[in-house]
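Below you'll find the structure, written out as structure tokens, and then a few comments.
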Amino acid sequence: MTDLELIAALEREGVHVVFLPYPKPGAYWHEQRLIIVDARLSPRWQRCTLAHEAVHAWFGHDGPCEPAREAWVDEHAAGLLISEAEYRLAERIHGSDVHGIADELDVTDWIVEAYRRRLANVA
Ligand SMILES: [Zn+2]
């Protein structure tokens, strides 16, 4: 999904997204149904952060979660941003080079790592 598709899907469910300078990459407030993404991040980081916060919103998480749940959120976010066909192709080009795959797919390294965990869990 692109960031515009993510924002549209969130808005349909009453979750608003704002981009402004913020001390963390992103945050979600469940009570306010509000996602904030740090506007100073690169477009790539903003999209990946938005996908992460969108998963928190869809699952009704409130505030920062424990590391295991944050990792699970990243895995779901990766599934929103990367298709398996795209991933397999990037992996064929870049092998085990996480950064190369991330560049190829225009996502962050942590999204590629989360996608790999996701594939490992499904297999
Ligand atoms: Zn989170």
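Whatever order the structure lists them in is the order used to number ligands and atoms, beginning at 1.
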N/O donor-acceptor pairs under 3.5 Å from side chains in residues 74-82, not counting sequence neighbours:
from	atom 1	to	atom 2	distance (Å)
D74	OD1	H52	ND1	2.5
E75	OE1	N121	ND2	3.4
E75	OE2	R117	NE	2.7

R88 vs S83, side chain to side chain contact (heavy atoms under 4.5 Å, CB included): CA-CA, chis, key distance, verdict: CA-CA 9 Å; R88 297 287 183 203; S83 76; over 6 Å; no
Verify the distance test for [X] against the Zn ion (ligand 1): any N/O/S atom under 2.8 Å, yes or no.
| X | answer |
| --- | --- |
| C65 | no |
| E53 | no |
| H56 | yes |

Geometric class of the W72/F59 ring pair [parallel <30°, tilted 30-60°, perpendicular >60°]: perpendicular
For a quick check under 3.5 Å, do Y28 and R33 share a side-chain donor-acceptor pair by atom type? yes
Starting from the Zn ion (ligand 1), look over the N/O/S atoms of H52 and name the nearest one. NE2
Specify which N/O/S atom of E70 comes nearest to the Zn ion (ligand 1), by atom name. OE1
What residue pairs, at least two apart or across chains, pass salt bridge (charged side-chain N to carboxylate O under 4.0 Å, His left out) with a residue in residues 92-112? R44-D103, R44-D106, R47-D106
